[in-house]
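Comments concern the structure below.
Worth knowing before you read on, the calculation uses all heavy atoms, side chains too, and leaves out hydrogens, waters and symmetry mates. Not measured: the values here are computed from a predicted model.
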Amino acid sequence: MKNRHLFALGAMATIFSLLAVSAEPQKDQVTKTKPQSVAASAQESTAQQIQRLSYTAQNQSENVQCRVDALHQLSQFPNQNALVAVSRALKDANSDIRQAAIVGAKPYQFEYRWKLVAPLLNDESSDVQLAALVNLIPDYTNMNEQQQQQLDKIYPSAIQQLKQHSGSEKQLLLADVYRWHQDFSSAELIYQQLITNPAMATQVSLSLSDNYRAQQRDEKALEVLNRAIENDSMSAQLYYSKALTLVRIGNKNEAANAIEKATKYAPDNSYYWYLNGVLQEPIDVAKATNSFEKAYLISGAPEQLYAVCDIYVRTGHAKADVCLAELQKVAPPYVIEELKKK
């Protein structure tokens, strides 16, 4: 992970110079400052923040609430130091710390997260058990039979525990747990009740549309999203979900329009820019190229640098060789060779 961070620093600085002509500056960029300085400063700040939070999370002499807060914040920074802190906290004697560590484990891949969190499905604390189930159950359909059976053992008690809470947020969580466990009808009953609450309408609409998606009812999902957009026309998440729904339906031109709106309302979301590049390419190669570039400028992620190099190579871009030289610093040789063959 450290090497990846070092790569991001150097490659981001280079890509800024690569894109000086072709990419528009982001609104929140300080254009009077050298891009290299901005990137280095931001990276140093993030590294220091992760180190501080990881130390706090593991510090036995720190008060519990501070450690809980640190573990929650570490969920935003998947990193080797953060992972060590989370792993240790999952075995802490304090149940609040264990529960917070489950939150901290959220950004990691399911296969590894299962190894970390599954033992807590048998925790002595029912709150910790519930937190473990909520962390893992979104991947229920991807689990093997043994994993599903392990989750099913505490599923009834988790449902009863959630039913004891009357608050809207807990009810939404109950509906989501039903949905993840493929009890779609029970989930929809709750969603239809909650969607009338204006404060929750957007989030509930996203969950309800996903409930329909899981049943291959994409036209119904699209209806839900369109109604939600009428009431919340600046929600990037709604446009993102609408774009994915339209792709499944086969309407890729409208999907491209929807994801472009998502980038408008969430201009710092690198994945939205990446997906915009994918969907715009058959329509407007220049717009697609610009989107891939912006995605990389925001994230500095090697996989998004790959997307930039890929479209550069395939379209004969003048900076393709320079891009490949940067990608070569992190990618295996066969990846570079495959790109050069395009």
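- A 4.5 Å side-chain heavy-atom check between L174 and I190 finds at least one atom pair inside the cut-off.
- Under the 4.5 Å side-chain heavy-atom criterion for ILVMFWY residues, a single connected hydrophobic cluster contains both I102 and L162.
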*I would like to know whether L83 and L116 meet side-chain contact (heavy atoms from CB on, under 4.5 Å); could you show each step before the answer?*
CA-CA 10 Å; L83 182 58; L116 290 172; 3.8 Å; yes

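- Between K319 and E293, no side-chain nitrogen of the basic residue sits less than 4.0 Å from a carboxylate oxygen of the acidic one, so the salt-bridge criterion is not met.
- Chaining together hydrophobic side chains whose heavy atoms lie under 4.5 Å apart places Y265 alongside L206, L225, I229, M234, L238, Y239.
- Cluster membership check: V86 does not share its hydrophobic cluster with V84, using side-chain heavy-atom separations under 4.5 Å among Ile, Leu, Val, Met, Phe, Trp and Tyr.
- Here the straight-line distance linking atom CG of L120 with atom CG of L130 works out to 12.0 Å at 0.5 Å rounding.
- With rounding to the nearest 0.5 Å, the separation of CD1 in I50 from CG in L74 is 8.0 Å.
- Across every non-hydrogen atom of Q129 and I154, the tightest pair is O-CD1, 3.7 Å.
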*What's the verdict on side-chain contact (heavy atoms from CB on, under 4.5 Å) for D321 and Y312, showing C-alpha distance, side-chain angles and the deciding distance?*
CA-CA 9 Å; D321 289 340; Y312 277 5; over 6 Å; no

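- Within the 4.5 Å cutoff, side-chain heavy atoms of R227 are placed close to those of V224.
- How far CD of Q148 is from CG of N142: 9.5 Å, rounded to the nearest 0.5 Å.
- F77 and Q49 make their closest contact through CZ-OE1, 3.6 Å (heavy atoms, listed as atom of the first residue, atom of the second, distance).
- Residue pairs that meet the side chain to side chain donor-acceptor pair (under 3.5 Å) test with at least one member in residues 162-171, sequence neighbours left out, do not exist here.
- For E223, the salt bridge (Lys or Arg N to Asp or Glu O under 4.0 Å) partners are K220, not counting sequence neighbours.
- Between P78 and Y108, the closest heavy-atom pair is CA-OH, 3.5 Å.
- The neighbour count for K115 NZ, taken as heavy atoms of other residues, nucleotides or ligands under 6.0 Å away, does not exceed 12.
- Chaining together hydrophobic side chains whose heavy atoms lie under 4.5 Å apart leaves V103 on its own.
- When side chains are defined from C-beta on, F110 counts as touching M143, because their heavy atoms get closer than 4.5 Å.
- Linking Ile, Leu, Val, Met, Phe, Trp and Tyr residues whenever their side-chain heavy atoms come within less than 4.5 Å leaves L279 and L246 in two separate clusters.
- In this structure, the separation between CD1 on I311 and CG on L339 is 12.0 Å, given to the nearest 0.5 Å.
- Shown are D92, D127, D123; of these, the salt bridge (Lys or Arg N to Asp or Glu O under 4.0 Å) with R98 is made only by D123.
- A donor-acceptor pair is defined here as one N or O able to donate and one able to accept, closer than 3.5 Å; such a pair exists between the side chain of S75 and the backbone of H72.
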*Walk me through it: do V177 and Y140 pass the test side-chain contact (heavy atoms from CB on, under 4.5 Å)?*
CA-CA 10 Å; V177 170; Y140 187 80; over 6 Å; no

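- Using modelled atom types, one finds no donor on one side chain facing an acceptor on the other under 3.5 Å when comparing E230 with N226.
- Annotation: side chain of Y296 is not in contact with side chain of E326 (no heavy-atom distance under 4.5 Å).
- For N81, the side chain to side chain donor-acceptor pair (under 3.5 Å) criterion is met by no residue, not counting sequence neighbours.
- Residues satisfying the ring-ring contact (aromatic ring centres under 6.0 Å, His included) criterion with Y155, sequence neighbours excluded, are H181.
- Here the side chains of F292 and V278 are in contact, with some heavy-atom distance below 4.5 Å.
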*Go through the steps to decide whether Q192 and L208 satisfy the test side-chain contact (heavy atoms from CB on, under 4.5 Å), and finish with yes or no.*
CA-CA 8 Å; Q192 294 292 4; L208 178 57; 3.9 Å; yes

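- Atom NZ of residue K261 and atom OG of residue S233 lie 9.0 Å apart, to the nearest 0.5 angstrom.
- Among residues at least two apart or in separate chains, disulfide (SG to SG under 2.5 Å) pairs with a member in residues 262-309 are C309-C323.
- Linking ILVMFWY residues whenever their side-chain heavy atoms come closer than 4.5 Å, directly or via other members, leaves Y212 and L222 in distinct clusters.
- At a cut-off of 3.5 Å, with distance as the only test, a side-chain donor of T202 or D232 sits close to an acceptor on the other residue.
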Could you list the donor-acceptor pairs under 3.5 angstrom formed by side chains in residues 247-259, with sequence neighbours left out?
from : atom 1 : to   : atom 2 : distance (Å)
R248 : NE     : D218 : OD1    : 2.8
R248 : NH2    : D218 : OD1    : 3.3
R248 : NH2    : T245 : OG1    : 3.2
N251 : OD1    : E254 : N      : 3.2
N251 : ND2    : E254 : OE2    : 3.1

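- Distance check: Q160 CD to S126 OG gives 12.5 Å after rounding to the nearest 0.5 Å.
- By the side chain to side chain donor-acceptor pair (under 3.5 Å) test, Q58 pairs with R88, sequence neighbours left out.
- Both W180 and L133 belong to a common hydrophobic cluster when Ile, Leu, Val, Met, Phe, Trp and Tyr are linked at side-chain heavy-atom distances under 4.5 angstrom.
- By the ring-ring contact (aromatic ring centres under 6.0 Å, His included) test, F184 pairs with no residue at all, sequence neighbours left out.
- Partners of Y191 according to the ring-ring contact (aromatic ring centres under 6.0 Å, His included) rule, which considers only residues two or more places apart in sequence or in another chain, do not exist here.
- In terms of heavy-atom proximity, A236 sits nearest to Y272 at CB-CE1, 3.7 Å.
- Closest approach of R113 and D139 over heavy atoms only: NH2-OD2, 3.0 Å.
- Contact between A175 and A187 at its shortest, heavy atoms only, is O-CB, 3.3 Å.
- With sequence neighbours excluded, no residue forms a ring-ring contact (aromatic ring centres under 6.0 Å, His included) with Y306.
- With 3.5 Å as the limit, one finds no donor-acceptor pair spanning the side chains of Q280 and D284.
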